[in-house]
2 protein chains.
Amino acid sequence: MRQSNPPFMSGVPELLLLRLLGQREMYGYELVRSIKLVTNDAITLGEGVIYPVLHSLERNGALKAKRKKVDGRTRVYYALTARGRKRLERLHGEWRRIQSGVAAAMEEPANA
Amino acid sequence: MRQSNPPFMSGVPELLLLRLLGQREMYGYELVRSIKLVTNDAITLGEGVIYPVLHSLERNGALKAKRKKVDGRTRVYYALTARGRKRLERLHGEWRRIQSGVAAAMEEPANA
DNA sequence: TGTGATACCTTTTACTTCGAGGTATACTCC
DNA sequence: GGAGTATACCTCGAAGTAAAAGGTATCACA
């Protein structure tokens with residue numbers, strides 16, 4: 001049986017979503033624009049990325065959804081659960097680890 | 001026709017390889033251990049990742065290979081070309097961009 | 001002789017992410 | 001009334017990277 005861990009750098013879309021939803025609840029379409037904003041245009045995630053991740057996080061119990069009708073349009077607001085908060089912490093830690101690993105590799109030229 | 005850009009977070013293995021080879025020439029097996037070392041164990045890339053990347057970089061003209069016989073064993077040393085140096089610069093810039101984008105998103109918000 | 005380290009390589013699988021599409025409502029402008 | 005744009009949801013298929021596992025061969029050493 002062949003099994004494979006996820007690629008070591010993955011999960012950043014998830015991290016960003018969880019982070020934003022940790023501050024306040026938002027809906028999918030809003031998150032798409034918000035991510036572009038808060039990353040200073042460095043990262044743009046389309047709806048084809050956002051919605052599937054949102055759904056899988058909800059299935060996982062990291063988010064809970066709430067439908068709201070605003071101006072005739074339906075929005076699905078997502079809020080972090082306790083489980084989601086834990087997952088955020090974990091992913092954040094992993095990110096820091098990778099990030100400082102790369103930083104260490106890119107730094108020092110001090111050799112022969 | 002459907003075409004897709006590479007995932008926005010990819011290319012870190014390549015970046016690390018190019019970086020190390022920018023300091024001195026090394027061979028594949030050595031790079032595997034070296035990456036683990038210089039990233040303080042944060043990143044471990046197996047041979048199944050290293051060798052294919054090495055080969056594709058060579059095909060691309062970013063690296064040039066040189067076979068050496070040492071103690072009866074054959075080693076394939078790789079060195080950066082001018083093209084490789086350019087690629088390193090580009091990837092490094094992209095990484096910085098992504099990295100600071102994530103950092104901005106993760107910062108404390110100072111809001112209500 | 002057989003085990004472990006060195007050194008190369010490839011193939012298969014798993015996984016994420018991307019792009020393009022599709023639906024529907026509301027608002028504006030002509 | 002019709003066209004066009006913005007909002008808001010969604011899904012499917014393709015693309016591409018990285019992971020794991022396996023395969024070969026040499027050398028050392030016990």
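Below, all heavy atoms of this structure are taken into account, side chains as well, without hydrogens, waters or symmetry copies. First the proteins, then the strands, lettered A, B, ... as listed; each starts at 1.
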Q | Electrostatic pair R75(B):E30(B) at N-O distance under 4.0 angstrom | A | no
Q: Take the protein atom CD1 of I50(B) and the nucleotide atom P of dA7(C), then report the distance between them rounded to whole Å.
A: 15 Å
**Q.** Length of the CD-C1' vector between E47(A) and dG22(C), whole Å
**A.** 12 Å
Q. Given atom NZ of K68(A) and atom P of dT7(D), what is their separation to the nearest angstrom?
A. 19 Å
Q | N or O in side chain of R75(A) less than 4.0 angstrom from dC10(D) OP1/OP2 | A | no
(Q) Closest approach to the side chain of P13(B), judged atom by atom: which nucleotide of dG19(C), dA18(D), dC9(D) is it? (A) dA18(D)
Q: Nearest-nucleotide wise, let me know which of E30(A) and P6(A) is further upstream toward the 5' end of DNA chain D.
A: E30(A)
(Q) On DNA chain C, does the nearest nucleotide to G48(A) precede the nearest nucleotide to Y51(B) from the 5' side, or the other way round? Give the residue. (A) Y51(B)
Q.
By nearest heavy atom, map V49(B) and V49(A) onto DNA chain C; which one lands nearer the 5' end?
A. V49(B)
Q: Using distance alone, with no hydrogens and no angle criterion, decide if H55(B) and R59(B) have a side-chain donor and acceptor under 3.5 Å apart.
A: no
Q) Between atom NZ in K69(A) and atom P in dT7(D), what is the gap in whole Å? A) 19 Å
Q: Could you check whether V76(A) gets within reach of a base, just the sugar-phosphate, or nothing at all, counting any heavy atom under 4.0 Å?
A: sugar-phosphate
(Q) I'd like to know if the side chain of R97(A) reaches the main chain of D41(B), judged simply by a donor and an acceptor atom lying under 3.5 Å from each other, with no hydrogens or angles considered. (A) yes
Q) Looking at the side chain of H55(A), which of dT11(D), dC18(C), dA8(D) is the nearest nucleotide? A) dT11(D)
Q | Value in whole Å for how far the C1' atom of dC9(D) lies from CZ of R73(A) | A | 11 Å
Q: Consider the side chain of Y27(B), meaning its heavy atoms from C-beta on, and name the nucleotide among dA8(D), dC8(C), dA19(D) that approaches it most closely.
A: dC8(C)
Q: Nearest 0.5 Å please: distance from the CE atom of M26(B) over to the CG atom of L80(B).
A: 13.0 Å
Q: Would you mind classifying the nucleic acid contact of R67(A) as base, sugar-phosphate or nothing, using non-hydrogen atoms under 4.0 angstrom?
A: nothing
Q: Ignoring backbone atoms, test whether Y29(B) places a side-chain nitrogen or oxygen under 4.0 Å from the OP1 or OP2 oxygen of dT6(C).
A: yes
Q) What is the distance from CG of D71(A) to C1' of dT25(C), rounded to the nearest Å? A) 11 Å
Q. Quick one: is the NZ or CZ of K68(B) closer than 6.0 Å to the six-membered ring centre of Y77(B), and within 45° of its axis?
A. yes
Q. Any side-chain N or O of N5(A) less than 4.0 Å from the OP1 or OP2 oxygen of dC15(C)?
A. no
(Q) If I take atom CD1 in residue I35(B) and atom P in nucleotide dA18(D), what distance separates them, rounded to the nearest angstrom? (A) 11 Å
Q) L17(B) CG to dT17(D) C1': how many Å, rounded? A) 14 Å
